[in-house]
Amino acid sequence: VLRLRPWPRACGHALTAVLYAVVVALVYHEGGLASLATPWLVTPPTFAILLFGRRSAAAWTALCGATIAAFAVAGAAGVRFPVAYPAAWEGRLTFGSHLGLVCCNAVLLFVFERMRATAQARAEAASAALARMAYRDALTGLANRAHFAHRLDATLARARAAGEPRRVVVLLLDLDGFKRVNDSLGH
């Protein structure tokens, strides 16, 4: 779960609510619990857990469970689905329900992809920062011993591959009194 600012979180809840309303309308329109749309009631909790975490998913799961229970109780009480509405509305309701479901899913998938891309970019930036920290001195920014060993290994491997392992030279400089400099800078 990514930490979202308040407005994307509100948009996510609004989109999940719209998705829920569209699915409930489809279940209602298509004949109650016997509808092929009933399994779609699992989508709001799924989107909620992906967007907001377990607590929101639990609330959406409870709401969807209560909706299924309400349809079951209404069906047991003899309510027939769909409840009478003008025949002229049938085409518009069907079209609107299906279009709403497709649009909500498309928007939520776009949001998920953006979140995934943002998370991947952050992970790559963190990985690059860790690599810099592994091979650079934090105080001076100069290459450290690990960087030297890595570069030396790579150079020796290239020299061996070229058939000239004796062509590598290492120069060692020793600075007198450098310990005082290190000590004065906190090393």
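Keep in mind that what you see is a predicted model, and the values were worked out from it rather than measured.
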The reported gap from NZ in K179 to OG in S184 (rounded to nearest 0.5 angstrom) is 10.5 Å
Residues joined to L172 in its hydrophobic cluster, side chain to side chain under 4.5 Å directly or through other members, sorted by chain and number, are none
Residues at least two apart in sequence or cross-chain that pass ring-ring contact (aromatic ring centres under 6.0 Å, His included) with F148, listed by chain then number, are none
Output for pair (R145 CZ, D137 CG), nearest 0.5 Å, gives 11.5 Å
Sorted by chain and number, sequence neighbours left out, side-chain contact (heavy atoms from CB on, under 4.5 Å) with V181 holds for F178, L185
Check: So, do L156 and L152 sit near enough that their side-chain heavy atoms are less than 4.5 Å apart?
Finding: yes
Hits for side-chain contact (heavy atoms from CB on, under 4.5 Å) against R132, two or more places apart or cross-chain, chain-then-number order -> A128, A129
Closest non-hydrogen contact found for L19 with P44 is CD2-N, 4.2 Å
Checklist entry - Backbone N or O of A134 within a donor-acceptor pair of the N144 side chain at under 3.5 Å? => result yes
Sequence neighbours excluded, the answer for salt bridge (charged side-chain N to carboxylate O under 4.0 Å, His left out) partners of R166 is none
Task: Audit row: Y20, T43, side-chain hydrogen bond (donor to acceptor under 3.5 Å, both in side chains) steps and yes/no - done: CA-CA 8 Å; Y20 169 77; T43 55; over 6 Å; no
V27 versus F71: any side-chain heavy-atom pair under 4.5 Å? yes
Tightest non-hydrogen contact, residues V42 and T46, listed as O-OG1, 2.9 Å
**Asked** Is any side-chain heavy atom of V22 less than 4.5 Å from a side-chain heavy atom of W40?
**Response** no
Residue set satisfying side-chain contact (heavy atoms from CB on, under 4.5 Å) with H13, at least two apart, ordered chain then number -> R9, F52, S56, W60
request  = Measure from the side-chain N and O atoms of T38 to the backbone N and O of L33, and report whether any donor-acceptor pair falls under 3.5 Å.
outcome  = yes
- Message: Main chain of A57, side chain of T61: is a donor-acceptor contact present, judged purely on distance under 3.5 Å?
- Response: yes
